[in-house]
Each structure stands twice: as structure tokens, then as C-alpha cells.
Amino acid sequence: LNPIFEVLDPAIPTPQTFGAGVEIDALNSSLDQLDVDIRTNKIISNRRNVPFASANGVIESTATGINLRAEADAQINADIIDNTISYNAGNGIYYTTREESTTDRRDIGGRVLKNTITFNDGDGIEVAGHHGIQNLLVVGLAGKDSDGRSLGNVISSNADHGININHGGK
């Protein structure tokens with residue numbers, strides 16, 4: 001279909017947007033770390049995607065809820081807290097890295113707490129890049145916050161895995 005005349009799926013909340021809900025591409029800076037807080041958002045229905053083949057030949061989607069990518073020496077420390085991430089064409093949260101040289105220090109870390117990650121067409125959370133080298137990547141914690149809310153995440157009803165870690169730290 002021509003995207004201008006495309007009929008949007010009435011079963012999926014609107015608006016349906018192109019690409020990721022939140023996309024952060026950090027490029028080549030080992031001198032500073034990119035610190036990001038993504039809090040209290042509704043990242044919903046990023047449906048129009050541009051499929052591409054990943055390094056392992058799997059067809060991936062650009063229409064993720066949150067896409068974090070560190071290239072070369074870039075480092076990202078992202079806290080993703082108290083968000084609803086649902087109905088995206090790809091993964092709910094997608095961590096990737098790109099290596100330019102064997103000496104690169106790329107890394108993604110941070111905390112994923114108190115989120116609802118449901119009904120995404122890919123994984124709830126996919127970690128497909130170097131992580132936890134400079135900063136830990138923590139998904140959920142035992143216990144409650146000062147308001148008595150669980151620090152865990154609700155990750156359910158995604159089309160693929162709830163959490164998929166297919167790349168190790170360095």
C-alpha cells in the first residue's frame with residue numbers, strides 16, 4: 001500500500017507513527033557518558049516500520065518503543081522508569097551497539113524499573129549489544145519505592161520473548 005493511503009489497524013491505538021517512539025544514537029565519545037532519563041511516558045503504537053536485516057540476518061523493525069544505540073566509543077547510561085511501552089511493531093526496548101574497532105569502549109547501562117511493557121510485536125526488551133561494562137544494566141529490582149510501588153516491571157503479552165539477551169558484556 002502507498003503509505004499516504006494506508007489504512008491504519010483499528011485494533012491498535014492511534015496515532016501510529018513512523019520509526020521509534022524514543023531513539024537515542026550515541027556516536028563515538030568515550031570522554032563523556034550520555035546520561036538519559038526516560039520517565040513517566042506513554043510510548044505506544046509506533047507501527048510504521050522500515051524492516052532491515054540485522055548483523056545475524058534476522059529481520060528487525062525500526063518501529064520500537066525505545067531504541068538505544070551506542071557506536072564506536074559511545075557510552076549511554078539510561079534510566080527507563082515508570083513508562084507504558086505497548087503496541088509497537090518492533091521491540092518494546094531495544095539496546096544495540098556497533099563496533100568500529102576492537103578497542104572501542106561502547107557500552108549501554110542503566111535501570112529499567114516500574115514499566116509496563118506489553119503487546120509489542122517483537123521482544124519486550126532485547127539486549128543485542130555490549131552492556132554492563134562501565135555501568136550495570138538492571139532490569140527490575142526487588143522491593144518498593146517510597147510510594148509503596150514495586151520496582152519491578154510488568155512484561156507480558158509480547159509476540160516474542162519477554163526479555164531477550166543475545167549479546168554478552170565485554
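Note that these values count all heavy atoms, side chains included, but never hydrogens, waters or copies made by symmetry. This one's a predicted model, so the numbers in the text were calculated from it and none came from an experiment.
The nearest pair of heavy atoms linking A159 to D121 is CB-O, 3.1 Å. For the pair A26 and A74, the tightest heavy-atom approach, listed with the atom from each and the gap, is O-CB, 3.3 Å.
Linking Ile, Leu, Val, Met, Phe, Trp and Tyr residues whenever their side-chain heavy atoms come within less than 4.5 Å places F119 and I44 in a single cluster. A chain of hydrophobic side-chain contacts below 4.5 Å, direct or via other Ile, Leu, Val, Met, Phe, Trp or Tyr residues, connects L136 to L151.
Side-chain N or O atoms of N83 include none that pairs as donor or acceptor with a backbone N or O of K42 at under 3.5 Å. Under the 3.5 Å distance criterion, the side-chain polar atoms of N67 are left unmatched by any main-chain donor or acceptor of A20.
Annotation: salt bridge (Lys or Arg N to Asp or Glu O under 4.0 Å) contacts involving residues 85-95, sequence neighbours excluded, are absent. Within the structure, the salt bridge (Lys or Arg N to Asp or Glu O under 4.0 Å) test picks out the following pairs touching residues 141-153 (sequence neighbours left out): D82-R149, K114-D145.
Side-chain contact between N88 and N46 is present, with heavy atoms from C-beta onward closer than 4.5 Å. A heavy-atom distance below 4.5 Å is found between the side chains of Y95 and I125. Side chains of L113 and L141 form a contact here, defined as non-hydrogen atoms less than 4.5 Å apart. At a threshold of 4.5 Å between non-hydrogen side-chain atoms, the residues N135 and Q33 count as touching. Using a 4.5 Å heavy-atom threshold, the side chains of V112 and N115 count as touching. With a 4.5 Å cut-off on side-chain heavy atoms, V139 and I163 count as touching. Side-chain atoms of L137 and V127, non-hydrogen and from C-beta on, do get closer than 4.5 Å to each other.
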For this session: Give the C-alpha distance, both sets of side-chain angles, the deciding distance and a yes or no for side-chain contact (heavy atoms from CB on, under 4.5 Å) between N41 and T84.
Result: CA-CA 6 Å; N41 298 287; T84 299; over 6 Å; no

For this session: Show your working on side-chain contact (heavy atoms from CB on, under 4.5 Å) between R111 and I81 and close with a plain yes or no.
Result: CA-CA 7 Å; R111 301 176 301 163; I81 300 174; 3.7 Å; yes

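For R69, the side-chain hydrogen bond (donor to acceptor under 3.5 Å, both in side chains) criterion is met by E71, T96, not counting sequence neighbours. Annotation: side chain to side chain contact (heavy atoms under 4.5 Å, CB included) contacts of I24 (sequence neighbours excluded): V22, L34, V36, I38, L68, I76. Partners of N77 according to the side-chain hydrogen bond (donor to acceptor under 3.5 Å, both in side chains) rule, which considers only residues two or more places apart in sequence or in another chain, do not exist here. With sequence neighbours excluded, no residue forms a side-chain hydrogen bond (donor to acceptor under 3.5 Å, both in side chains) with D107. Residues passing the salt bridge (Lys or Arg N to Asp or Glu O under 4.0 Å) test with D160: none are found, sequence neighbours excluded. Shown here are the salt bridge (Lys or Arg N to Asp or Glu O under 4.0 Å) partners of D25, two or more places apart in sequence or in another chain: there are none. The side-chain hydrogen bond (donor to acceptor under 3.5 Å, both in side chains) search around N158 returns N120, not counting sequence neighbours.
Atoms NE2 and CG, on H161 and N91 in that order, are 10.5 Å from each other to the nearest 0.5 Å.
Other members of a hydrophobic cluster containing V154 are absent, since no ILVMFWY side chain comes under 4.5 Å of it, directly or through relayed contacts.
For the 3.5 Å distance criterion, the side chains of S157 and T118 fail to qualify, holding no donor opposite an acceptor.
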